4 protein chains.
Amino acid sequence: MKAKKENQENGAPLSKSALRRQREREQRLETILGAAQTLFAGEGYHKASMEKIADSAEVSVGTLYFYFKNKEDLLVKLLSQIGFDLRNMLGAAFKSADISMEGIREAGRIFFAEFCPHYPESIAIFFRESVGQSELVEAHRKKIFDKLIDDVRQALIRVCDNQGARFQSDLSAEVMATSIMGMFERIAYQYLIWQDRSEDLAVIGQDAVDFIIGGIERLFR
Amino acid sequence: MKAKKENQENGAPLSKSALRRQREREQRLETILGAAQTLFAGEGYHKASMEKIADSAEVSVGTLYFYFKNKEDLLVKLLSQIGFDLRNMLGAAFKSADISMEGIREAGRIFFAEFCPHYPESIAIFFRESVGQSELVEAHRKKIFDKLIDDVRQALIRVCDNQGARFQSDLSAEVMATSIMGMFERIAYQYLIWQDRSEDLAVIGQDAVDFIIGGIERLFR
Amino acid sequence: MKAKKENQENGAPLSKSALRRQREREQRLETILGAAQTLFAGEGYHKASMEKIADSAEVSVGTLYFYFKNKEDLLVKLLSQIGFDLRNMLGAAFKSADISMEGIREAGRIFFAEFCPHYPESIAIFFRESVGQSELVEAHRKKIFDKLIDDVRQALIRVCDNQGARFQSDLSAEVMATSIMGMFERIAYQYLIWQDRSEDLAVIGQDAVDFIIGGIERLFR
Amino acid sequence: MKAKKENQENGAPLSKSALRRQREREQRLETILGAAQTLFAGEGYHKASMEKIADSAEVSVGTLYFYFKNKEDLLVKLLSQIGFDLRNMLGAAFKSADISMEGIREAGRIFFAEFCPHYPESIAIFFRESVGQSELVEAHRKKIFDKLIDDVRQALIRVCDNQGARFQSDLSAEVMATSIMGMFERIAYQYLIWQDRSEDLAVIGQDAVDFIIGGIERLFR
DNA sequence: TATGAATGAGGGTTCATTCAT
DNA sequence: GATGAATGAACCCTCATTCAT
């Protein structure tokens with residue numbers, strides 16, 4: 001009977017103790033996810049054994065399996081959270097993309113100057129540890145990528161429309177959005193994971209965004 | 001035994017049987033690498049056990065350890081070969097990049113229209129299976145990426161010089177080159193590994209390259 | 001708490017609420033035993049976890065441990081109940097065995113035509129799930145078998161006496177009774193557990209009983 | 001590539017070393033099966049961990065998994081061997097069953113006076129440890145029982161034919177054979193596993209066989 | 001009484017690696 | 001050089017049992 005309630009989303013009022021228990025539950029879940037995130041990012045997904053994670057989260061192995069179906073599930077949940085956080089932070093910027101390129105530029109700034117330096121572990125997990133681990137994890141990675149790419153694609157189309165320009169095809173916009181994701185990804189990997197130049201990332205990100213915008217503006221000529 | 005090996009490395013003439021043995025040795029090495037490549041790409045690095053690889057290459061497990069120090073070494077060697085092949089195919093194109101953008105365009109064409117459809121397993125290993133496996137493997141991945149990025153960077157600088165333009169900084173060129181690598185990577189991942197649209201890759205690649213060139217040309221305005 | 005329990009065991013009158021509580025307690029106990037019986041028979045003793053049993057009985061795991069010392073105890077109680085039910089149903093028949101073989105025949109009919117088709121789960125637990133689980137459970141199984149065998153033995157001796165025949169030894173009667181139990185057991189296992197021919201069991205049982213009676217009557221020649 | 005050769009049943013002559021290796025292989029297999037048999041019978045299937053078995057057989061855990069797919073497979077192989085041994089020992093007696101009951105009597109003698117006292121562990125595994133362990137094991141148990149029952153059934157039919165008697169139906173013979181198996185089983189369980197009266201088993205077995213024969217002869221009246 | 005989250009020992013299994021032949 | 005049986009550490013996971021609420 002694992003996680004029978006999960007999300008008590010019905011409107012029934014909860015008793016005080018029930019509320020507290022739910023809060024504790026969520027706290028513990030966060031603690032575990034945090035420990036897993038740190039260990040996955042630090043030692044790698046495979047070297048981070050369930051026992052290590054349990055120790056690090058100061059719970060027993062059994063508790064891990066009470067909150068998560070298995071190790072893979074732990075990674076998937078972590079991934080979902082990262083994906084949610086990312087889209088959450090970038091969402092507003094993308095939505096503000098209209099006539100000018102400012103929305104795009106802002107999204108780049110948020111990613112490189114805010115997200116990367118503050119959540120390097122998330123970057124490591126999203127771009128390194130979750131790669132090629134299993135079909136299920138890949139499916140989740142793909143879903144997150146697809147959503148992010150779609151966010152970018154829609155922003156691009158909106159800007160274009162407003163500028164009176166047009167993409168040659170639907171595919172073109174998708175390819176451009178995909179390209180942008182790839183640029184973000186590799187620059188984060190290169191300058192945050194492989195080199196630790198998190199202070200330079202703001203500048204580096206600007207360069208990258210300039211490059212991107214140059215590529216986009218070509219459409220308006 | 002050591003003496004024999006040294007023979008192979010200096011100019012001393014080899015006896016007929018020694019020649020044959022060396023040839024056989026290289027063939028067997030290739031066979032093993034091929035089997036490993038197929039299994040790594042197909043089942044994943046971890047699920048592809050040394051036993052499976054040995055079976056697939058029709059040798060014994062012991063033989064694997066005669067030719068390769070350990071499983072990690074097998075992946076590293078595979079990676080080196082892939083890196084070599086990639087640079088080999090793209091090298092000429094990059095070197096031909098001078099005034100016009102044709103060299104860049106040609107490199108993109110070779111990558112998307114030639115390399116990807118012909119060596120999907122190499123793509124899967126380079127961009128998926130070798131990611132986050134160990135410090136050593138990551139070091140090799142980084143080295144290959146660094147070289148490729150440097151190839152692109154030099155081509156970019158040459159084109160710029162010839163156009164009378166200049167990068168704001170050395171970093172800018174590097175960032176641009178890194179971005180380009182990221183685009184190639186993600187597009188290959190998206191349209192070759194996740195979706196199987198190898199026939200569309202030529203067109204998709206052209207779109208991506210157009211995007212890149214647009215970004216670059218901005219420098220010349 | 002102890003005092004209350006003792007109340008239930010002496011003749012002291014119980015208050016209305018106490019009565020209700022006792023009734024509820026017994027109902028709950030039955031519910032749990034029922035759920036356990038179904039799960040043990042359906043999934044097997046080991047695969048039926050305490051959590052599954054709790055879920056199925058719509059109580060919490062803790063409640064299980066309030067009513068039963070541990071999982072083994074649950075099986076033992078179940079076994080006792082089955083043993084009691086069996087002897088209860090067969091008892092009258094055995095006691096009626098006097099001159100003729102009709103008592104024996106009736107006991108066989110009850111077992112194969114009544115008990116087996118109506119309580120296949122009991123059969124599965126008694127003859128399959130409780131086998132070789134632990135020393136304690138084996139001890140209980142043995143006790144039940146011993147009692148049943150003794151019932152048969154006494155019936156056999158009575159019939160013999162009345163026919164003026166005699167067993168060679170006390171052991172002979174016991175061996176014969178044991179044999180009869182073995183026949184009942186294996187036929188139930190074969191035609192109820194392994195094959196599902198519960199409708200044929202009545203006929204099959206008659207055949208078996210004829211065989212038995214033939215063996216017994218030999219003593220009277 | 002586990003057990004690639006298993007049974008080198010082609011006619012190719014084996015080299016000396018290959019012969020030795022095969023012999024060693026078979027010896028080790030026997031050693032493991034022996035250790036497993038002793039532990040399964042002594043501690044019970046579940047309490048006998050793979051590590052204990054490995055220790056007892058003086059091999060490593062890995063070696064266990066080289067020779068057997070998993071723990072269940074170990075039990076199944078053991079069961080098959082026991083089934084083979086049983087039929088082997090009883091086979092000749094059953095085949096000799098023709099006009100008289102001597103074949104049947106002989107089979108009983110072999111089972112109770114030879115097999116049981118010499119192979120009590122086999123009895124414990126066949127009748128106790130392998131019961132209700134898994135669907136696969138049950139399937140194997142059933143197959144063995146079916147074969148033994150069929151051996152008995154054919155012997156019964158042969159004796160009947162020669163006596164000019166007839167079974168009421170095909171089912172009758174099967175039921176009688178099944179009954180006999182059940183008698184053998186429970187007597188062995190009662191007097192060998194639960195009580196240790198292996199010296200009395202010969203006498204007890206005779207009583208049981210007399211009972212059986214009485215039951216059979218009824219057909220000839 | 002009832003709950004169910006937490007525990008942690010224990011089990012089965014895998015697989016990279018070694019080494020005698 | 002080649003073989004493949006043997007090793008054993010390490011891992012993931014289960015589940016009976018407990019106990020604070």
Side-chain angles (χ1 to χ4, degrees), chain A residues 1-5 17-18 20-21 24-25 28 46-54 58-72 74, chain B residues 1 4 21 24-25 28 46-55 59-74, chain C residues 1 4 21 24-25 28 46-55 59-74, chain D residues 1-5 17-18 20-21 24-25 28 46-55 58-74:
Chain A
M1 256 301 89
K2 292 194 180 176
K4 203 185 260 179
K5 14 183 103 166
S17 71
R20 184 173 42 73
R21 246 183 296 155
E24 280 175 3
R25 180 189 169 80
R28 191 154 283 211
H46 275 104
K47 284 203 150 189
S49 70
M50 291 303 263
E51 206 184 325
K52 279 185 194 168
I53 296 169
E58 294 182 303
V59 296
S60 68
V61 182
T63 302
L64 252 47
Y65 285 88
F66 183 78
Y67 286 98
F68 301 92
K69 204 178 136 213
N70 49 32
K71 196 182 179 185
E72 190 184 38
L74 198 42
Chain B
M1 193 169 67
K4 268 186 195 170
R21 248 180 292 148
E24 281 173 2
R25 181 189 163 84
R28 190 161 281 205
H46 276 104
K47 283 201 152 187
S49 68
M50 291 300 264
E51 203 181 317
K52 278 184 194 167
I53 296 169
D55 280 0
V59 296
S60 70
V61 188
T63 302
L64 251 49
Y65 282 86
F66 181 77
Y67 286 99
F68 301 91
K69 202 178 136 210
N70 49 31
K71 195 182 180 185
E72 193 184 36
D73 187 40
L74 198 43
Chain C
M1 192 168 70
K4 267 186 195 169
R21 248 181 290 148
E24 282 174 3
R25 182 190 161 83
R28 191 161 282 204
H46 276 105
K47 282 202 151 186
S49 69
M50 290 301 263
E51 203 181 317
K52 279 185 193 166
I53 296 169
D55 281 1
V59 297
S60 69
V61 188
T63 303
L64 251 49
Y65 282 86
F66 180 78
Y67 288 97
F68 301 91
K69 202 179 136 210
N70 50 32
K71 196 183 179 184
E72 193 184 36
D73 186 40
L74 198 42
Chain D
M1 258 303 88
K2 293 196 181 174
K4 203 185 259 178
K5 16 183 101 164
S17 70
R20 184 173 44 71
R21 246 184 296 156
E24 279 173 4
R25 180 189 169 81
R28 191 155 283 210
H46 275 104
K47 284 204 150 188
S49 69
M50 291 301 265
E51 207 184 324
K52 279 184 194 168
I53 296 170
D55 283 357
E58 293 182 303
V59 297
S60 69
V61 184
T63 302
L64 252 47
Y65 284 88
F66 183 78
Y67 285 98
F68 300 93
K69 203 178 137 213
N70 50 31
K71 197 183 179 185
E72 192 184 36
D73 186 40
L74 199 41

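Quick note on labels: first sequence line is chain A, next is B, and so on, each numbered from 1. All values derive from a computational prediction rather than experimental measurement.
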Interatomic distance where [atom1] belongs to [X] and [atom2] belongs to [N] [whole Å]:
X: D/E24; N: F/dG4; atom1: CD; atom2: P; value: 15 Å
X: B/H46; N: F/dC11; atom1: NE2; atom2: P; value: 12 Å
X: A/R21; N: E/dA6; atom1: CZ; atom2: C1'; value: 14 Å
X: C/F66; N: F/dA16; atom1: CZ; atom2: P; value: 21 Å
X: C/D55; N: F/dC15; atom1: CG; atom2: P; value: 13 Å
X: B/K69; N: E/dA16; atom1: NZ; atom2: P; value: 16 Å
X: B/I53; N: F/dG4; atom1: CD1; atom2: P; value: 17 Å
X: A/M50; N: E/dA9; atom1: CE; atom2: P; value: 17 Å

Minimal non-hydrogen separation, A/M50 against A/L64, with atom names: O-CD2, 3.2 Å

- request: Could you check B/K71 against A/V59 and say which one's nearest nucleotide on DNA chain E is further toward the 5' end?
  value: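 Nearer the 5' end of the strand: A/V59.
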
message: On DNA chain E, compare the nucleotides closest to D/K52 and B/Y65; which residue's is nearer the 5' end?
response: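 Nearest nucleotide further toward 5': that of D/K52.
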
message: With nearest nucleotide decided by heavy atoms, which residue, A/E51 or B/V61, maps closer to the 5′ end of DNA chain F?
response: B/V61

message: For C/E72 and D/L64, find the nucleotide of DNA chain F closest to each by heavy atoms; which residue's nucleotide sits nearer the 5' end?
response: D/L64

Salt-bridge criterion met for C/R28 and C/E24 (N-O under 4.0 Å): no

task: Report the distance from atom OH of C/Y67 to atom CG of C/D73, rounding to the nearest 0.5 Å.
output: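 The OH atom of C/Y67 sits 14.0 Å away from the CG atom of C/D73.
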
- prompt: Using purine N1 to pyrimidine N3 plus N6-O4 or O6-N4 for Watson-Crick, or N1-O2 and O6-N3 for G-U wobble, both under 3.5 Å, which nucleotide pairs with F/dC15?
  reply: E/dG8

Pairing partner of E/dA20 (Watson-Crick or G-U wobble, both distances under 3.5 Å):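 In the structure as shown, E/dA20 has F/dT3 as its Watson-Crick or wobble partner.
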
task: Name the closest nucleotide to the C/R28 side chain, picking from E/dA2, F/dT7, E/dT17.
output: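 Of the options given, the side chain of C/R28 lies nearest E/dA2.
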
message: Heavy atoms from C-beta onward define the side chain here; which of E/dA6, E/dT1, E/dT21 lies closest to that of A/T63?
response: E/dA6

message: What's A/S49 touching, base or sugar-phosphate or nothing? Going by heavy atoms closer than 4.0 Å.
response: sugar-phosphate

- request: Have a look at C/Y67 and say if it touches a base, only the backbone sugar-phosphate, or nothing, with a 4.0 Å heavy-atom cut-off.
  value: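 Since only primed, P, OP1 and OP2 atoms lie under 4.0 Å of C/Y67, the category is sugar-phosphate.
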
- prompt: Can you find a heavy atom in the side chain of D/R25 that is under 4.5 Å from one in the side chain of D/F66?
  reply: yes

- prompt: Quick one: is E/dT7 close enough that its OP1 or OP2 comes under 4.0 Å of any side-chain N or O from A/S60?
  reply: yes

- prompt: Would you say A/K52 has more than 12 foreign heavy atoms packed within less than 6.0 Å of its NZ?
  reply: yes

